Amino acid sequence: MITMENIIRDGHPTLREVAKEVTLPPSEEEIQTLKSMLEFLINSQNPEIAEKYGLRSGIGLAAPQINIAKRMIAIYLKDENEKIHSYALFNPKIISHSVEGAYLSAGEGCLSVDEAIPGFVPRHARITVKGIAIDGTEVKVRLKGLLAIVFQHEIDHLNGVMFYDHIDSKNPLKPIENALPLD
Ligand SMILES: OCN(O)CCCc1ccccc1
Ligand code: NI
């Protein structure tokens with residue numbers, strides 16, 4: 001199982017690499033890795049397991065964060081209606097996005113960044129993502145809200161981009177133009 005020891009931290013060069021596409025069909029090892037990434041998120045959101053293994057709660061994870069420079073992401077979160085949104089994708093790609101932006105009014109964090117970095121992170125409000133699921137089927141999803149934000153955060157990791165790269169260092173809490181603050 002993945003624990004915090006497997007998660008590399010800011011400053012590790014892999015976090016700044018552009019991750020490679022996974023050759024399809026994915027190998028058994030790549031399938032196992034992606035499954036373990038999703039399992040980590042589920043474990044991290046289970047109070048007993050998280051406490052037992054010292055896991056920081058996460059709603060997304062990208063393979064470079066476990067030092068695997070491949071284009072694989074997992075996302076697991078419950079929305080305001082308690083609906084579970086679970087994704088484990090190979091080679092995810094944003095194929096279109098809204099002009100309108102959005103950002104989390106609480107800012108963002110990252111399992112690979114141990115300190116809090118305050119500031120608004122400008123994102124697209126709505127995106128359409130294509131990718132390959134673990135069973136090999138092509139997935140195409142239209143996303144908005146927190147889910148859209150998390151997908152952008154994870155896909156950034158595949159391109160060596162960290163959330164704080166987007167923060168306006170001169171005025172980190174300046175409201176972002178043409179963007180919706182999300183609570
Ligand atoms: O890369 C995922 N990870 O570092 C966990 C945090 C995920 C995340 C947190 C806030 C806003 C968007 C995404
Ligand atoms: Ni992150």
Side-chain angles (χ1 to χ4, degrees), residues 1-46 49-50 53-78 84-97 104 108-115 117 121 123-124 127-143 146-167:
M1 72 181 277
I2 295 173
T3 62
M4 296 310 292
E5 287 74 58
N6 304 111
I7 295 179
I8 60 174
R9 306 302 153 89
D10 210 3
H12 190 299
T14 304
L15 288 171
R16 290 302 185 176
E17 279 184 37
V18 175
K20 288 182 182 42
E21 289 243 320
V22 171
T23 306
L24 301 176
S27 67
E28 272 316 302
E29 184 184 7
E30 287 162 339
I31 289 169
Q32 197 42 54
T33 297
L34 188 51
K35 283 180 177 175
S36 66
M37 288 167 59
L38 188 59
E39 178 204 41
F40 169 82
L41 298 177
I42 296 167
N43 287 342
S44 77
Q45 295 172 37
N46 175 315
I49 301 174
Y53 294 98
L55 308 181
R56 233 185 98 188
S57 179
I59 53 178
L61 192 67
Q65 292 182 275
I66 53 171
N67 203 16
I68 297 174
K70 291 184 179 180
R71 303 186 82 83
M72 304 160 58
I73 64 170
I75 284 158
Y76 190 87
L77 63 89
K78 280 183 195 153
I84 290 177
H85 300 270
S86 176
Y87 293 92
L89 295 176
F90 295 108
N91 305 333
K93 186 174 171 51
I94 296 173
I95 58 170
S96 69
H97 63 78
L104 297 185
E108 297 186 12
C110 184
L111 289 169
S112 296
V113 179
D114 292 330
E115 73 282 358
I117 302 179
V121 179
R123 302 281 187 193
H124 306 305
I127 57 173
T128 301
V129 171
K130 256 169 76 170
I132 305 297
I134 282 173
D135 67 3
T137 56
E138 186 167 300
V139 167
K140 181 167 135 179
V141 282
R142 285 167 188 75
L143 305 162
L146 175 59
L147 209 44
I149 302 283
V150 180
F151 262 84
Q152 291 171 77
H153 178 115
E154 305 317 328
I155 292 170
D156 264 357
H157 275 306
L158 304 182
N159 297 319
V161 175
M162 302 293 283
F163 75 91
Y164 58 77
D165 296 344
H166 300 290
I167 295 173

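Nothing here was measured: the structure is a model prediction, and the numbers come from that model. Any value given below was found using the heavy atoms of this structure, including those in side chains, with hydrogens, waters and symmetry copies removed. One-based numbering along the sequence shown.
One N or O on the side chain of S44 and one on the backbone of G58 form a donor-acceptor pair closer than 3.5 Å. Under the 3.5 Å distance criterion, the side-chain polar atoms of Q45 are matched with a main-chain donor or acceptor of Y76. The backbone N or O of G160 lies less than 3.5 Å from a partner atom in the side chain of R16, making a donor-acceptor pair. Between the side chain of R123 and the backbone N or O of A148, no donor-acceptor pair lies under 3.5 Å. Distance alone, capped at 3.5 Å, places no donor-acceptor pair between the N159 side chain and the V161 backbone.
To the nearest 0.5 Å, atoms CZ (R56) and OG (S112) are separated by 8.5 Å. Atoms CD1 and CD, from I117 and E108 in turn, are 11.0 Å apart once rounded to the nearest 0.5 Å. Distance CE/M162 to CD1/I167: 11.0 Å, rounded to 0.5 Å. Interatomic distance, I155 CD1 to I94 CD1, rounded to the nearest 0.5 Å: 4.0 Å. With values rounded to the nearest 0.5 angstrom, Q152 atom CD is found 7.5 Å from D156 atom CG. To the nearest 0.5 Å, atom CZ of residue F90 and atom CD1 of residue I31 are 5.5 Å apart.
The minimum heavy-atom distance linking L158 with P92 is given by the pair CD1-CG, 3.6 Å. Pairing each heavy atom of P64 with each of K70, the nearest pair is CD-O, 3.9 Å. In this structure, L41 and A74 approach most closely via the heavy-atom pair CD1-O, 3.4 Å. What you find for K78 and I84 is that their closest heavy atoms are CG-CG1, 3.7 Å.
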* CA sep, side-chain torsions, deciding dist, call: L104, V121, side chain to side chain contact (heavy atoms under 4.5 Å, CB included) -> CA-CA 7 Å; L104 297 185; V121 179; over 6 Å; no
* To do: Apply the test side chain to side chain contact (heavy atoms under 4.5 Å, CB included) to residues M37 and Q65: give CA-CA distance (whole Å), side-chain angles for both, the deciding distance (0.1 Å), then the verdict.
  => CA-CA 10 Å; M37 288 167 59; Q65 292 182 275; over 6 Å; no
* To do: Please lay out, stage by stage, how I66 and I7 fare under the test side chain to side chain contact (heavy atoms under 4.5 Å, CB included).
  => CA-CA 5 Å; I66 53 171; I7 295 179; 4.2 Å; yes
* Given I59 and L146, is the side chain to side chain contact (heavy atoms under 4.5 Å, CB included) satisfied, shown in steps? -> CA-CA 10 Å; I59 53 178; L146 175 59; 4.3 Å; yes
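Between F151 and Y87, the ring planes are perpendicular. Angles over 60° get that label, and only those under 30° would be called parallel.
Between L38 and I134, the closest side-chain pair of non-hydrogen atoms is not below 4.5 Å. Residues R9 and M4 form a side-chain contact, since some pair of their non-hydrogen atoms from C-beta on lies under 4.5 Å apart. The closest side-chain heavy-atom distance from H157 to F163 is not below 4.5 Å. Within the 4.5 Å cutoff, no side-chain heavy atoms of M72 are placed close to those of P26. Residues Y53 and N43 fail the side-chain proximity criterion, which asks for heavy atoms closer than 4.5 Å.
Side chains of T3 and E5: a donor-acceptor N/O pair is present below 3.5 angstrom, by distance only.
Just one residue in the list I68, I2, V22 forms a side-chain contact (heavy atoms from CB on, under 4.5 Å) with T33, and that residue is I68.
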